[in-house]
Amino acid sequence: MEISSQYIASEIESKWYEYWMERGYFHSEPDNRNPFSVVIPPPNVTGVLHMGHMLNNTIQDILIRRARQKGFNACWVPGTDHASIATEAKVVKMLREDGIKKSDLSREEFLKHAWNWKEKYGGIILEQLKKLGASCDWERTAFTMDATRSAGVIQAFVDLYNKDVLYRGKRMVNWDPNAQTVLSNEEVIYKEEQGNLYHIQYKLEGGSDFLTIATTRPETLLGDSAVAVHPDDPRYSEFHGKYVIVPIVNRKVPIIVDDYVDIEFGTGALKVTPAHDVNDYDLGKKHNLEVIEIFNDDGSISEAGQFFIGEDRFKARKLVKAQLEEEGLLIKVEPYRHNVGRSERTNAVVEPKLSLQWYVSMKKLVDPALEAVESDEVEFFPKKMKNTYRHWMVNIRDWCISRQLWWGQRVPAYYYKEDVFVATSPEEAFQQAKIKYPDLDINELKQDEDVLDTWFSSWLWPISVFDGFNNSKDFQYYYPTSVLVTGWDIIFLWVARMIIAGYEWKGKFPFKHVYFTGMVRDQKRRKMSKSLGNSPDALGLIKQFGADGVRFGMLSCSPAGGDLLFDEKLCEQGRNFTNKIWNALRLVQGWEVDPNKTQPIENELAIDWFTSLSNRMISGLDDKFKEYRLSEALIDLYTYVWTDFCSWYLEMVKPPYGEAIDVYTKEKTVELFQCICTLLHPYMPFITEEAWSHLKTETTSEDCMLSQYPVLDVIDPQIINEMETIKEVISGLRDLRNKHQIKPKEKLNLFGIIDNVTTDLYDDPKKKELLLKMSHLESFEIVDQELENAVSFIAGKSKFFIQLTQEIDVEEAIREKEKELKYQQGFIAGVQKKLANERFVNNAPEAVVANEKKKLSDGLSRIKNLEQSIEELKSRR
RNA sequence: GAGUCAUUAGCUCAGUUGGUUUAGAGCGCUGCCUUGACAGGGCAGAGGUCACUGGUUCGAGUCCAGUAUGACUCACCA
């Protein structure tokens, strides 16, 4: 088959992806093999592929493809989550552009629009994953709001309610005024922002005195119901029990005393707004203060605020400020940096708000999940994530799961008067209600208006994607899954909760391993995000460097759990790697086989050597994968393919230009190349599949993707070591050619000073022939001392030299040898010190001592060789 | 405020129970090389007292303590 000189990734990649899909290679059904299952961390249905996804999904694909080759029944379930806030915001925006307001629609009408949107635009990201080469079982694609998943969610809710693990309560929550919904703590991001500290005078009732408070939010004074001071603050001791007048609204409020107040901060006097601050709320409860809610759900001032009604909270701040200035009550405004919480989804400043919500009593659920990780029943990679997990689990808070949205599973709670009935359907709730209210009409039962947090769907994912709530055949076969691959940033939001759910409903962990990936950061160490706009276009990268190139780039720099600083250069390196493989393929396939040619003896050595190396590689990969050292494993493969195979092995067996190759060498080389393809396939599926299609024979698998992972065979360390010495001689000679401007292919006569190594090189015809070929030598001889006008180098412990016809810079050569001598002397000094220490010789393991002795004797040989060279050079002065 | 982790070549990082010729890789850098699989390339080279100070040990980049610097997580912040 003619092989094109150019490797065009985009064409070849789409060809193979289609081919795999057509043959159904990604699909899995339960059978008698062992399962290896993975569930995708469901990306947001509104999402587009970004760097984090690429890293995360490449890793999953690597694990899945490798498991498949190793004979497991590999199943990778893809899907998306419904992302209630993000999606609802998108749909609302789209409707607004069409002139439709959400408030004009009924719930059912809105949901119809939302589903239409989802069908049309949702899940683009799954299509993008195909470009990456993801071998997901697409027939199993799940969505957190589809029928099966929703049924599970409702069932879970009802079950928890019946177990008394759910409750409804009025609490101070994080309110997102843009999305007009509550947020859980995990969805609020606190960051330091520049604000102001306003010093405001509150007039004392019935007097001319003032009390000055400091606040970052002057607009909330509309809702003040007290001013608090510390009991031991001498500045305010005479004010205890008195009243002040809140400016603008002229409300008379008490001065309360509480040691919560920090004397050092601000003025030491604190305004108290129980309805709009968590701490103030607690103070209010303690001191029985009035709770005045001055904000509407959208963050504007409510009727209760009395002034600036309908104005947005930030506009109101300015208006209050102006008003205070006018009244002369604003003492000063100082710049102040403080933490501000923003909504993860909408970036709106979060407003603390009192509200009635549904909560999960997490403390009742955590124990088995905590124990599982502590005992490594669920194993974390890297291990250090256990600390983070433990800390959160031990200090766990209740989980607020209701959201004031329409897009999501509606809370299955039905109200009548003061009663609530929780059931999987209105009919069931009605049956319950009828017991207490026999005359009730079903229409009088009102379902909760809120929906459930998206994470309340996601935490069931490993169970629900296999229809686990119906205990399906798939579930029994695939659960628990083998490994979860996700970013450490959602360890609480998702990972911990999934483990909790796994034990709660199935009495078993949802996954055996959790591999936490690092965050993809840019060159300035910033997390890549849409809002910063510092994320490269993922598909653009694939177009530019090929999916294989990008996969290489992502993986080659992502140590287990460590963050990775993304650089396009890494993808470029990956693309270059595919090119290298392609050209190696062209070389090997270009060799014409001559059936009459006998195999050169040096090829036998090369083949034996590389076979051992391959086995060492297979063994090393197993070790690395056990520890999820995927990046290291890839670097090892890269060196193995590029340096060992292309730069050394192929050069060793390559026939001289224009000559044919013998049958045996060609066959073995193809075999070794096939092994490379199989080993590399999980990382770079496309180039390996393409290469395989050219290399395959009657006896090998039809496709690389389904090729059997090679079984570990013998590793011969001796041949590997001896080859290292030969390579060192070859490199040493190349260096000499470089230094003395001798052309790479000019024939030379090489001499070795007699010792056991050089003698072996001379006596073993395979080694000698290999040396002659690789070094372009005329001859290789053994002598007992340097000859006239020699230039020498040391390889291993032995000395080699060639004779020059031209003059050399004697002084420069002496300097160089002396530098090397000094290094060697330092080296043996250390070794000698060790060996002189009796306790070392007596206590250290025998092998270690023996090795030190070898180091010493080799070092001494090198020194002797160097000293002789220096002497010889000096005599030439 | 509590905790976790880090500090190794110009840059980004490996270095897995302490011992493998006084530390490895990629990128970058320097020199040489182009009719031959590959310039998306080949060959070779330079570059590190492993943050600092002590300690444990026959032996420390690796273990312990302290110091410095940095990063992150959780909580709070009028």
Peer 1: Would you find more than 12 non-hydrogen atoms of other residues, nucleotides or ligands less than 6.0 Å from A:Glu264 atom CD?
Peer 2: no

Peer 1: Does A:Lys854 contact B:U21 through a side-chain donor or acceptor facing the base, at a distance under 3.5 Å?
Peer 2: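 Check passes, donor-acceptor contact within cut-off.
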
Peer 1: Pick the C1' atom in B:C72 and in B:G28, then give their distance to the nearest Å.
Peer 2: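 Result for the C1' pair: 29 Å, nearest Å.
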
Peer 1: Would you classify A:Val261 as touching base, sugar-phosphate or nothing, given that sugar-phosphate means primed atoms plus P, OP1 and OP2, and contacts are heavy atoms under 4.0 Å?
Peer 2: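 Here A:Val261 touches the bases of the nucleic acid.
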
Peer 1: Which is true for A:Arg737 with a 4.0 Å heavy-atom rule: it touches a base, it touches only sugar-phosphate, or it touches nothing?
Peer 2: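 No contact at all - A:Arg737 keeps every heavy atom at 4.0 Å or more from the nucleic acid.
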
Peer 1: Counting only Watson-Crick pairs (N1-N3 plus N6-O4 or O6-N4) and G-U wobbles (N1-O2, O6-N3), all under 3.5 Å, who is the partner of B:U34?
Peer 2: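 For B:U34, the partner nucleotide comes out as none, under the 3.5 Å rule.
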
Peer 1: Round to a whole Å and report the spacing from NZ of A:Lys743 to C1' of B:C33.
Peer 2: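 A:Lys743 atom NZ is separated from B:C33 atom C1' by 9 Å.
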
Peer 1: Quote, to the nearest angstrom, the C1' distance that separates B:A46 from B:G59.
Peer 2: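 Roughly 31 Å separates the two C1' atoms.
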
Peer 1: What is the separation between atom NZ on A:Lys626 and atom C1' on B:U16, rounded to the nearest whole Å?
Peer 2: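 So the NZ-C1' distance, A:Lys626 to B:U16, works out to 12 Å.
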
Peer 1: Return the polar atom pairs (N/O with N/O) between nucleotides 1-8 of chain B and the protein under 3.5 Å, or none.
Peer 2:
residue: B:U4; atom: O3'; partner: A:Asn387; partner atom: ND2; Å: 3.4

Peer 1: Just checking A:Leu197: base, sugar-phosphate only, or nothing, at a heavy-atom cut-off of under 4.0 Å?
Peer 2: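 Sugar-phosphate contact only - A:Leu197 comes under 4.0 Å of backbone atoms but never of a base.
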
Peer 1: When the distance from CD of A:Glu627 to P of B:U16 is rounded to whole Å, what number comes out?
Peer 2: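 A:Glu627 atom CD is separated from B:U16 atom P by 11 Å.
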
Peer 1: Among A:Tyr640, A:Trp582, A:Tyr7, A:Phe552, exactly one meets ring pair (Phe, Tyr, Trp, His ring centres under 6.0 Å) together with A:Phe577. Which residue is that?
Peer 2: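 One option only clears the test, and that one is A:Phe552.
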
Peer 1: Within the supplied structure, the quantity of interest is the number of heavy atoms (other residues, nucleotides, ligands) at a distance under 6.0 Å from A:Glu838 CD; does it exceed 12?
Peer 2: no

Peer 1: For side-chain hydrogen bond (donor to acceptor under 3.5 Å, both in side chains), just list the numbers for A:Glu187 and A:Ser184, CA-CA rounded to whole Å, side-chain angles, deciding distance to a tenth of an Å, and then say yes or no.
Peer 2: CA-CA 5 Å; A:Glu187 292 165 311; A:Ser184 69; 3.2 Å; yes

Peer 1: Would you mind classifying the nucleic acid contact of A:Gly826 as base, sugar-phosphate or nothing, using non-hydrogen atoms under 4.0 angstrom?
Peer 2: base

Peer 1: State whether A:Glu351 and A:Arg217 are salt-bridged, where the test is any N-O pair (Lys NZ or Arg NE/NH1/NH2 against Asp/Glu carboxylate O) under 4.0 Å.
Peer 2: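 Looking at A:Glu351 and A:Arg217, the cut-off is met.
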
Peer 1: Could you check A:Arg397 against A:Thr267 and say which one's nearest nucleotide on RNA chain B is further toward the 5' end?
Peer 2: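 Nearest-nucleotide comparison on RNA chain B picks A:Arg397.
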
Peer 1: Among side-chain atoms of A:Thr273 and A:Lys271, is any donor-acceptor pair under 3.5 angstrom?
Peer 2: yes

Peer 1: Quantified in whole Å, what is the P atom distance between nucleotide B:A68 and nucleotide B:U53?
Peer 2: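 It comes out at 15 Å once rounded to the nearest Å.
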
Peer 1: How far, in whole Å, is B:G41 from B:G26 if one measures between their P atoms?
Peer 2: 13 Å

Peer 1: Can you tell me the distance, in whole Å, between the CZ atom of A:Phe566 and the C1' atom of B:G26?
Peer 2: 14 Å

Peer 1: Closest to the A:Phe827 side chain: B:U73, B:C27, B:U21?
Peer 2: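 Of the options given, the side chain of A:Phe827 lies nearest B:U21.
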
Peer 1: Tabulated below should be each protein N or O lying under 3.5 Å from an N or O of nucleotides 23-25 of chain B; please produce it.
Peer 2:
none

Peer 1: With rounding to the closest Å, how many angstrom separate the C1' atoms on B:A23 and B:G48?
Peer 2: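 B:A23 and B:G48 have their C1' atoms separated by 8 Å.
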
Peer 1: Given B:A37, B:A75, B:G15, which nucleotide is nearest the side-chain atoms of A:Arg586?
Peer 2: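 The closest nucleotide is B:A37.
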
Peer 1: For B:G1, give its Watson-Crick or G-U wobble partner with both distances under 3.5 Å, or none.
Peer 2: B:C74

Peer 1: Could you list the protein-to-nucleotides 39-42 of chain B atom pairs, N/O on both sides, closer than 3.5 Å?
Peer 2:
residue: B:G40; atom: O4'; partner: A:Asn576; partner atom: OD1; Å: 3.2
residue: B:G40; atom: O2'; partner: A:Asn579; partner atom: OD1; Å: 2.9
residue: B:G40; atom: N2; partner: A:Arg575; partner atom: O; Å: 3.1
residue: B:G41; atom: OP1; partner: A:Asn576; partner atom: ND2; Å: 3.0
residue: B:G42; atom: OP1; partner: A:Lys580; partner atom: NZ; Å: 3.3
residue: B:G42; atom: OP1; partner: A:Trp642; partner atom: NE1; Å: 2.5

Peer 1: For atom CD of A:Glu192, is the number of surrounding heavy atoms from other residues, nucleotides or ligands below 6.0 Å larger than 12?
Peer 2: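 Check passes, neighbour count above 12.
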
Peer 1: Would A:Tyr515 and A:Tyr628 count as a close aromatic pair, with their ring centres under 6.0 Å?
Peer 2: yes

Peer 1: I need the full list of salt bridge (charged side-chain N to carboxylate O under 4.0 Å, His left out) pairs touching residues 636-661 of chain A, with sequence neighbours left out, sorted by first then second residue.
Peer 2: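 Output for this query lists A:Lys597-A:Glu659, A:Lys624-A:Asp636, A:Glu651-A:Lys654.
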
Peer 1: My understanding is that a pair needs two contacts under 3.5 Å, Watson-Crick or G-U wobble. By that rule, which nucleotide pairs with B:U57?
Peer 2: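 Checking every strand shown, B:U57 finds no partner, since no pair has both distances under 3.5 Å.
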
Peer 1: List in chain and number order the residues that pass salt bridge (Lys or Arg N to Asp or Glu O under 4.0 Å) with A:Lys569, two or more places apart in sequence or in another chain; answer none if no residue qualifies.
Peer 2: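 Not a single residue meets the salt bridge (Lys or Arg N to Asp or Glu O under 4.0 Å) criterion with A:Lys569.
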
Peer 1: Out of B:U22, B:A37, B:U20, which nucleotide sits closest to the side chain of A:Asn851?
Peer 2: B:U20

Peer 1: Just to be sure I understand the rule, does A:Asp735 reach a base, reach only the sugar-phosphate, or reach nothing, if contact means heavy atoms closer than 4.0 Å?
Peer 2: sugar-phosphate

Peer 1: From C-beta outward on A:Gln573, which listed nucleotide comes closest to its side chain: B:C27, B:U73, B:U16?
Peer 2: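 It is B:C27.
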
Peer 1: What does A:Arg390 touch in the nucleic acid at a heavy-atom separation under 4.0 angstrom: a base, only the sugar-phosphate, or nothing?
Peer 2: nothing

Peer 1: Is any side-chain N or O of A:Arg734 closer than 4.0 Å to OP1 or OP2 of B:G45?
Peer 2: no

Peer 1: Partner lookup for B:U69, please. Criteria are Watson-Crick or G-U wobble with both distances under 3.5 angstrom; report none if nothing qualifies.
Peer 2: B:A6

Peer 1: Roughly how far apart, to the nearest Å, are B:A75 and B:C52 at atom C1'?
Peer 2: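 Roughly 32 Å separates the two C1' atoms.
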
Peer 1: For B:U35 and B:G19, measure between their P atoms and round to the nearest Å.
Peer 2: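 Result for the P pair: 48 Å, nearest Å.
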
Peer 1: Using nucleotides 58-62 of chain B, report all nitrogen or oxygen pairs with the protein that are shorter than 3.5 Å.
Peer 2:
residue: B:C58; atom: O2'; partner: A:Asn837; partner atom: ND2; Å: 2.8

Peer 1: Partner of B:U20 by Watson-Crick or G-U wobble geometry, both contacts under 3.5 Å, or none?
Peer 2: none

Peer 1: Write down the partner of B:C29 under the Watson-Crick or G-U wobble criteria, each distance required to be under 3.5 Å.
Peer 2: B:G45

